[in-house]
Amino acid sequence: MTQLVDSIGQIADQFDAIVLDQWGVLHDGSAPYPAALDALEALAACSVKLGVLSNSGKRAAPNADRIAAMGFDATVFDCVMTSGEALWRSFATGAETAKTLFAIEGKAGDAEHWAQGLPVTMTNDPMKAEAILLMGLPDGTPPDAYDVLLQTALAGQLPLYCSNPDFSSPRGGGTYVMSPGALADRYAKMGGTVHLYGKPHLPIFASMQTVLGCAAPRILMVGDSMHHDIAGAQTAGWASLLIRCGIHAPDIDENSIAADVNALALANAMPAPDFSLSDLR
């Protein structure tokens, strides 16, 4: 049964580390959530270790910079880990061996910046690529926008590496945009080979746990996505806290929180989260 709490400080002393999702927990993609700045400051004053675990196609450093630019003190985090960082490390260690990539990116230049330090090159011709790198999508991208490209990649049997497996991401004013995970899923349903990096897959949680140096039951994952944050934490053996103001806001009525959270868990064929909080406060 999910325990409803009024603030994260109410349960912080039960854990050695608290790991926060970025979009939907700290900010909405445009601005910090009103109470999040004070909540993070309060957590920093505790003895608990802090981390950020984000399904962002970019590497860790640019995401730490983004957090700081929104007014947060990013120096309080013991680790910032992103799905883009995890993918970069796989290429850096030789676990992934493709050398020529065709990039799908949110902004021009994102892929070149991500690839710095790797023995890979980018090509504008998918016919010359060994793989597709899916980092991001421009806001407002419709579901079928890349179908021609995906068909070309499928014909060439190109694997697709997705460094952000989120299906949607929040923007200001309670709006959401399609994220790379949705496009990767579209390619998989066409019959393409897809490699997903990030939540809810275990390796990114294991990497974070290694850096934090804490036992799994003593780590709390705070996220707004049942599929990515809560399910991933449960697979890793971490405790979990669902933030209700994020992606599941339309699914949860504040007059029937417990029942609605339980319904979400049943719909995702998973246990309910350990805790739930309206927003990070």
Asker: Rounded at 0.5 Å granularity, tell me how far CG in Leu150 sits from NZ in Lys189.
Answerer: 13.0 Å

Asker: Taking everything shown except Asp13 itself, do over 12 heavy atoms lie less than 6.0 Å from its CG?
Answerer: yes

Asker: Are Leu26 and Val19 linked, directly or through intermediate hydrophobic residues, by side-chain heavy-atom contacts shorter than 4.5 Å (ILVMFWY only)?
Answerer: no

Asker: If you take all heavy atoms of Ala17 and Cys214, which pair is closest and at what distance?
Answerer: CB-SG, 3.9 Å

Asker: Decide yes or no for Asp28 and Tyr33: does some side-chain heavy atom of the first lie under 4.5 Å from some side-chain heavy atom of the second?
Answerer: yes

Asker: With a cut-off of 6.0 Å (strictly less than), are more than 12 heavy atoms of other residues, nucleotides or ligands near CD of Glu254?
Answerer: yes

Asker: Quick check: is Leu50 connected to Val211 through a chain of hydrophobic side chains (ILVMFWY, heavy atoms under 4.5 Å apart)?
Answerer: no

Asker: As a quick check of understanding, evaluate side-chain contact (heavy atoms from CB on, under 4.5 Å) for Leu242 and Met226, giving each step before the final call.
Answerer: CA-CA 7 Å; Leu242 178 68; Met226 291 288 286; 3.9 Å; yes

Asker: Please report the shortest heavy-atom distance between Ile219 and Gln209, naming the atom on each side.
Answerer: CD1-CG, 3.7 Å

Asker: Do Asp274 side-chain atoms and Ser240 backbone N/O form a donor-acceptor pair below 3.5 Å?
Answerer: yes

Asker: Regarding Ser169 and Ser179, do their side chains bring together a donor and an acceptor under 3.5 Å, going by distance alone?
Answerer: yes

Asker: Do Trp114 and Leu101 make a side-chain contact, defined as non-hydrogen atoms from C-beta onward lying under 4.5 Å apart?
Answerer: yes

Asker: Parallel under 30°, tilted from 30 to 60°, perpendicular over 60°: which one fits the rings of Tyr161 and Tyr197?
Answerer: tilted

Asker: Considering all heavy atoms of both residues, which atom of Ser54 and which atom of Gln22 are nearest to each other, and what is their separation?
Answerer: OG-OE1, 3.4 Å

Asker: Starting at CZ of Phe167, measure out to NE2 of His228 and round the result to the nearest 0.5 Å.
Answerer: 6.0 Å

Asker: Counting distance only, does the side-chain N/O of Thr100 pair as donor-acceptor with the main-chain N or O of Thr121 below 3.5 Å?
Answerer: no

Asker: Could you state the interatomic distance from CZ (Arg218) to CD1 (Ile18), rounded to the nearest 0.5 Å?
Answerer: 10.5 Å

Asker: Keeping Thr2 on the side-chain end and Ala258 on the backbone end, is there a donor-acceptor pair under 3.5 Å?
Answerer: no

Asker: Take a 6.0 Å sphere around CD of Gln10 and say whether it holds more than 12 heavy atoms from other residues, nucleotides or ligands.
Answerer: yes

Asker: Output yes when a side-chain donor or acceptor of Gln234 lies under 3.5 Å from a complementary backbone atom of Pro271, and no otherwise.
Answerer: yes

Asker: When you compare the side chain of Leu40 with that of Asp73, does any pair of heavy atoms fall below 4.5 Å?
Answerer: no

Asker: Any chance you could lay out the side-chain contact (heavy atoms from CB on, under 4.5 Å) test for Arg66 and Phe72, step after step, and finish with the verdict?
Answerer: CA-CA 9 Å; Arg66 184 197 298 268; Phe72 294 97; over 6 Å; no

Asker: Looking at Glu85, His113, Gln116, which hits side chain to side chain donor-acceptor pair (under 3.5 Å) with Arg59?
Answerer: Glu85

Asker: Look up atom CD1 in Ile230 and atom OG1 in Thr235, then write down how far apart they are to the nearest 0.5 Å.
Answerer: 11.5 Å

Asker: Tell me, yes or no, whether the heavy-atom count around Met127 atom CE, taken from other residues, nucleotides or ligands under 6.0 Å, exceeds 12.
Answerer: no

Asker: Taking the side chain as every heavy atom from C-beta outward, state whether Glu130 and Thr97 have any atom pair closer than 4.5 Å.
Answerer: no

Asker: For the residue pair Trp23 and Arg171, establish whether any side-chain heavy-atom pair is separated by less than 4.5 Å.
Answerer: yes

Asker: For the side chain of Glu105 and the backbone of Ala111, is there at least one donor-acceptor N/O pair under 3.5 Å apart?
Answerer: yes

Asker: Might you point out which heavy atoms bring Asp224 and Val25 nearest each other, and give the distance in Å?
Answerer: N-CG2, 3.9 Å

Asker: Is there a side-chain contact between His227 and Pro200, using heavy atoms and a 4.5 Å cut-off?
Answerer: yes

Asker: Is there a path of hydrophobic side-chain contacts, each under 4.5 Å between heavy atoms, that joins Val52 and Val48?
Answerer: yes

Asker: If the threshold is 4.0 Å, N to carboxylate O, is there a salt bridge linking Arg244 and Asp260?
Answerer: no

Asker: Under a 4.5 Å cut-off applied to non-hydrogen side-chain atoms, are Phe205 and Leu53 in contact?
Answerer: yes

Asker: Look at the side chain of Arg186 and the backbone N and O of Pro143, then say whether any donor-acceptor pair between them is shorter than 3.5 Å.
Answerer: yes

Asker: Run the side-chain contact (heavy atoms from CB on, under 4.5 Å) check on Met190 and Asp147 step by step: do they pass?
Answerer: CA-CA 10 Å; Met190 289 179 177; Asp147 278 2; 3.5 Å; yes

Asker: Taking the side chain as everything from C-beta on, heavy atoms only, tell me whether Tyr187 gets closer than 4.5 Å to Leu134.
Answerer: no

Asker: Under 4.5 Å between side-chain heavy atoms, hopping through other hydrophobics if needed: is there a path connecting Leu158 to Ile104?
Answerer: yes

Asker: Ile247 and Asp166: side-chain contact (heavy atoms from CB on, under 4.5 Å), yes or no, with the steps?
Answerer: CA-CA 11 Å; Ile247 194 170; Asp166 281 353; over 6 Å; no

Asker: Provide the closest heavy-atom pair for Asp21 versus Lys199 in the form atom of the first, atom of the second, distance.
Answerer: OD1-NZ, 2.8 Å

Asker: Using 0.5 Å steps for rounding, measure from the NE2 atom of His195 to the SG atom of Cys162.
Answerer: 11.5 Å

Asker: If hydrophobic clusters are built from ILVMFWY residues whose side chains come within less than 4.5 Å, do Tyr176 and Leu183 share one?
Answerer: no

Asker: Look up atom OG1 in Thr193 and atom CG in Leu160, then write down how far apart they are to the nearest 0.5 Å.
Answerer: 9.5 Å

Asker: Looking only at side chains, do Thr82 and Asn63 share a donor and an acceptor under 3.5 Å apart?
Answerer: no

Asker: Please find the pair of heavy atoms, one from Val76 and one from Ala44, that lie closest to each other, and give the distance.
Answerer: CG1-CB, 3.7 Å

Asker: Using modelled atom types and a 3.5 Å cut-off, is there a donor and acceptor pairing between side-chain atoms of Asn164 and backbone atoms of Ser56?
Answerer: no

